[in-house]
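Some notes on the structure that comes next.
All values reported here derive from a predicted model rather than from experimental measurement. We use all heavy atoms of the structure for the numbers below, so side chains are in, but hydrogens, waters and symmetry mates are not.
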Amino acid sequence: MASKLALVLSTLLLAVNGQAYDGGDRDEDAFSWVQPLNTTILGPYGHSPAVLPSPNATGAGGWEEALQKAKDFVAQLTVEEKADMITGTPGPCVGNIVAIPRLGFKGLCLQDGPLAIRVADYASVFMAGVSAAASWDRDLLYERGYAMGREFRAKGAHVALSPVAGPLGRSAYSGRNWEGFAADPYLTGVAMEETIMGHQDAGVQATPKHFIGNEQETMRNPLYDVNGTVGAVTFEAISSNIDDRTMHELYLWPFANAVKAGAASFMCSYQRLNGSYACENSKAQNGLLKGELGFQGYIMSDWGGTHSGVASIEGGLDMNMPGGLGSYGVNWKAGSYFGANATAAVNNGTVPESRLDDMVIRIMTPYYFLGQDAEDFPSVDPSTANLNTFSPPSSWLREFNLTGESSRDVREDHGGLIRRHGAEATVLLKNVDGALPLKHPKSIAIFGNDAGDDTEGYYNQQNFEFGTLTAGGGSGTGRLTYLISPSEAIKARAAQDKALVQQWLNNTLIATSNVTDLWIPVVPEVCLVFLKTWAEEAKDREHLSVDWHGDDVVYSVAKSCNNTVVVTHSSGINTLPWADHPNVTAILAVHYPGQESGNSIADILYGDVNPSGRLPYTIALNGSDYNAPPTTAINTTGVYDWQSWFDEKLEIDYRYFDAHDIKVRYEFGFGLSYTTFELANAVEVESCTGSETVSSRPEAQPVMPGGNPALWEVLYNVTASVTNTGGVAGATVPQLYVTFPSGTTPAGTPPKQLRGFTKKTLQPGETAEVGFELMRRDLSYWDVVSQEWLIPEGEFVFNVGFSSRDIRATAKFAPVA
Ligand code: NOJ
């Protein structure tokens with residue numbers, strides 16, 4: 001990785017709370033982006049003001065009764081028991097809070113998330129967040145969240161460490177974008193809300209994570225000295241330096257939906273935020289989350305993300321996970337920043353006991369609210385203990401009494417659901433000359449190392465060469481009980497047509513051979529090429545190409561096969577340089593669709609399901625076209641020098657490409673169907689408040705979960721009419737993009753921002769009206785001076801279309817008189 005030494009100096013003057021900030025330097029070269037320490041920091045961009053004390057829970061939003069039960073419970077605890085309640089300990093689950101038998105409290109079991117209950121056998125592997133977002137389907141998002149929630153609960157998990165809105169997708173290269181949803185706050189916000197409601201309707205606590213600014217993996221944690229000595233830090237973790245407006249309009253936005261949906265707990269992130277560790281950042285935790293958004297639950301640390309005791313407790317952190325010291329917090333024997341230290345801090349008066357009480361009250365309120373104290377709440381499956389390599393039984397310091405059926409099968413009929421979801425979320429990017437759906441071909445060639453069965457076991461997926469991919473790596477993966485490969489599903493389908501199926505799964509061989517040598521003597525009617533792209537936790541992607549010479553595989557096949565259909569299993573963005581090759585007749589982006597992958601793909605290929613997925617990000621022409629790359633190197637040696645300046649502000653993904661009029665390959669929101677749709681030219685804007693115009697400033701109402709309720713009030717309904725003009729039934733996703741008035745909205749506002757979408761299934765010839773409800777927040781910008789969401793004066797443009805760059809109809813309207 002060559003590092004470009006000549007730095008491009010980009011000095012920006014940015015108004016933040018009336019003060020100026022002198023932005024940092026950036027090297028724009030591929031995968032070595034150097035950001036030197038900026039020493040002229042003014043204002044809250046780059047440092048974080050103290051917001052103290054941590055607000056107490058009030059039970060607002062329907063949790064009042066549960067709050068009282070939590071208070072009654074806490075009133076019976078000793079200080080030591082309270083300290084136990086806020087401190088994880090090694091046990092059967094990924095995170096464990098010990099039982100208090102004298103009060104009938106059986107403890108808490110916390111499990112990863114976010115695409116399966118990971119530490120489990122006989123559980124399902126659902127699609128990843130990126131696939132779910134690609135469905136653009138609220139119902140699918142809810143169903144997935146609910147089914148997953150049922151499996152967590154049936155395995156005895158009280159808390160699902162899911163879903164993910166951080167990373168949001170600031171950088172195309174971030175290693176964990178696939179765990180989250182979309183590179184857009186609105187779509188991610190909807191996905192968070194539906195998933196959380198699904199999890200919690202199933203009786204499991206949701207944990208939106210990672211709060212906040214966790215937009216890259218490189219240097220997400222501090223570097224300790226070679227001996228791993230606790231406290232001996234060579235470099236502190238990277239600091240995500242985010243200005244106030246960008247924080248509100250991009251990164252906080254989907255987390256606000258999460259609070260509104262009633263999320264039980266939040267997980268703070270590893271990295272620093274504007275200078276201080278996210279898990280002790282009082283501005284983020286006390287100010288934004290518990291204050292401005294009225295969050296009533298508890299904040300737990302990411303695993304080992306706690307770097308102080310009293311400062312974190314004061315800064316709003318309520319639970320230390322997994323509880324110990326050292327990297328990833330697994331050195332339990334060395335003690336804890338919480339635990340006995342929390343007891344001591346209360347006993348010597350450093351921390352008021354009322355703060356400790358609020359921490360436990362916040363933990364127990366959602367527990368009671370979701371009925372987790374019920375006798376019939378399932379016990380922790382004893383098999384979990386031996387599957388958990390994170391804290392195996394040999395590491396336990398406390399007793400865990402594991403009862404109930406071991407290795408219980410919690411999959412219900414979720415296989416069918418996952419198959420349907422996988423097909424519904426598949427994005428058809430190209431389809432020429434009716435290449436798809438397949439028309440009972442009698443001769444099929446399958447290419448690529450992603451087509452076949454896993455060759456290295458059904459345990460958590462890894463970056464192995466041979467075998468299909470359906471999840472990324474790290475804590476967000478799943479443990480497969482079976483995996484339907486594309487090859488298996490296609491062979492089964494082809495057998496119905498008595499077709500000949502030939503397959504070559506060695507990418508090196510395909511890329512370096514004349515493929516006609518491989519298929520002699522029968523020329524295939526269709527060549528199906530399966531490609532994969534791996535991404536994992538703790539590592540950013542080094543490029544945006546498909547892995548394992550996948551591009552060469554396509555060129556080699558397409559050179560001789562004039563009906564080459566490419567299918568990608570990918571963590572997200574791939575640049576697809578061969579997309580315009582005349583012999584590449586169709587492209588499907590399937591992302592990480594879950595255990596039924598092959599069946600979902602076959603359903604699309606053979607036309608049983610009409611594709612209706614849409615891209616939840618932009619595919620640019622080149623990897624270097626994306627802005628906001630991760631910071632992968634620094635050229636100074638100071639302990640605090642790892643900095644990532646979010647100086648692109650609101651300009652991520654399509655917001656950036658649109659603002660700079662950059663040509664892209666496939667834009668945000670794009671996706672094809674086997675039928676065609678039209679939008680009528682008329683877009684109507686109706687008031688929902690009884691008055692045509694509204695005030696610029698929201699009425700000041702008492703904060704409820706989600707913030708000022710006035711922000712969630714539906715002000716207008718934008719309607720349009722859509723028709724299926726093709727020959728088969730199918731679903732489409734009309735999308736609403738809002739252009740804010742120029743002149744009255746602050747500089748830096750993106751040209752278009754998604755503010756509505758709806759998925760609609762239509763029969764051939766059928767027309768339906770689609771509506772987009774606009775809430776006050778949707779029409780507002782965050783005003784850093786008044787610290788308020790304001791609707792600007794002037795004319796908005798409501799753009800309705802089939803993608804961010806395929807606008808079919810517009811309406812203009814000025815909401816503020
Ligand atoms: C670290 C990851 O960042 C987080 O997402 C996960 O929940 C914990 N580890 C526990 O595995």
Side-chain angles (χ1 to χ4, degrees), residues 130 133-137 168-172 177 180-191 249-250 253-254 425 427-430 544 572-576 579 587 589 591 611-622 625-628 648-673 677-679 683 718 720 722 731-740 742 745 748-760 770 772 774 778-779 781 796-812:
V130 64
S135 75
W136 292 63
D137 185 339
L168 178 70
R170 174 193 184 226
S171 170
N177 286 350
F181 295 104
D184 174 85
Y186 185 91
L187 179 52
T188 298
V190 170
E249 294 186 28
L250 270 190
W253 181 292
V427 189
L428 176 64
L429 292 172
K430 180 177 182 182
L544 301 180
I573 295 172
N574 286 132
T575 43
L576 315 180
I587 305 172
H591 300 110
S612 60
R614 301 288 182 264
L615 285 180
Y617 52 72
T618 300
I619 298 183
L621 291 173
N622 307 294
D625 291 352
Y626 292 93
N627 69 342
E648 74 289 341
K649 297 179 172 279
L650 300 174
E651 290 187 0
I652 66 165
D653 202 80
Y654 69 92
R655 289 166 165 76
Y656 167 71
F657 294 116
D658 287 355
H660 299 272
D661 213 7
I662 296 170
K663 200 163 176 278
V664 303
R665 196 177 299 285
Y666 299 116
E667 70 274 13
F668 179 86
F670 176 78
L672 299 170
S673 162
F677 297 95
E678 282 300 329
L679 270 162
V683 172
V718 174
V722 61
T732 185
V733 188
Q735 300 156 35
L736 171 69
Y737 293 86
V738 170
T739 303
F740 279 66
S742 59
T745 318
T749 304
K752 283 193 254 71
Q753 304 193 69
L754 182 72
R755 287 294 187 258
F757 65 89
T758 179
K759 194 161 197 172
K760 194 89 199 157
V770 287
F772 310 97
L774 286 167
D778 297 328
L779 297 174
Y781 67 91
F796 281 76
V797 185
F798 300 121
N799 308 283
V800 181
F802 292 122
S803 80
S804 60
R805 290 197 170 182
D806 182 12
I807 301 303
R808 302 292 178 95
T810 58
K812 292 185 174 173

task: Mind telling me whether His660 and Tyr656 have parallel, tilted or perpendicular rings, with 30° and 60° as the class edges?
output: tilted
- request: Go through Lys649 and Glu249 one step at a time and tell me if the salt bridge (Lys or Arg N to Asp or Glu O under 4.0 Å) criterion holds.
  value: CA-CA 10 Å; Lys649 297 179 172 279; Glu249 294 186 28; over 6 Å; no
field: Name of the residue among Tyr617, Tyr666, Tyr626 meeting ring-ring contact (aromatic ring centres under 6.0 Å, His included) with Phe657
entry: Tyr626
Which residues pass the side chain to side chain contact (heavy atoms under 4.5 Å, CB included) test with [X], sequence neighbours left out?
X: Thr745; result: Arg245, Phe740, Pro741, Thr749, Tyr781, Pro792
X: Ser804; result: Tyr654, Glu667, Phe668, Tyr737
X: Ser612; result: Ala731, Lys759

query: Thinking salt bridges, do Arg655 and Glu648 make one under a 4.0 Å N-O criterion?
result: no
message: Looking at Asp625 and Lys663, is any side-chain nitrogen of the basic one under 4.0 Å from a carboxylate oxygen of the acidic one?
response: no
Do the side chain of [X] and the main chain of [Y] share a donor and acceptor less than 3.5 angstrom apart?
X: Trp136; Y: Arg614; value: yes
X: Asn627; Y: Ile652; value: no
X: Gln735; Y: Phe802; value: yes
X: Lys430; Y: Ala579; value: yes

Drop me the distance from [X]'s [atom1] to [Y]'s [atom2], to the nearest 0.5 angstrom.
X: Leu774; Y: Arg755; atom1: CG; atom2: CZ; result: 9.0 Å
X: Leu428; Y: Leu672; atom1: CG; atom2: CG; result: 4.5 Å
X: Lys812; Y: Thr810; atom1: NZ; atom2: OG1; result: 6.5 Å
X: Leu621; Y: Ile662; atom1: CG; atom2: CD1; result: 10.0 Å
X: Leu168; Y: Asp184; atom1: CG; atom2: CG; result: 7.5 Å
X: Arg805; Y: Asn799; atom1: CZ; atom2: CG; result: 13.0 Å

task: Quickly, which of Asp653, Thr188, Leu187 forms a side chain to side chain contact (heavy atoms under 4.5 Å, CB included) with Pro616? Name it, please.
output: Leu187
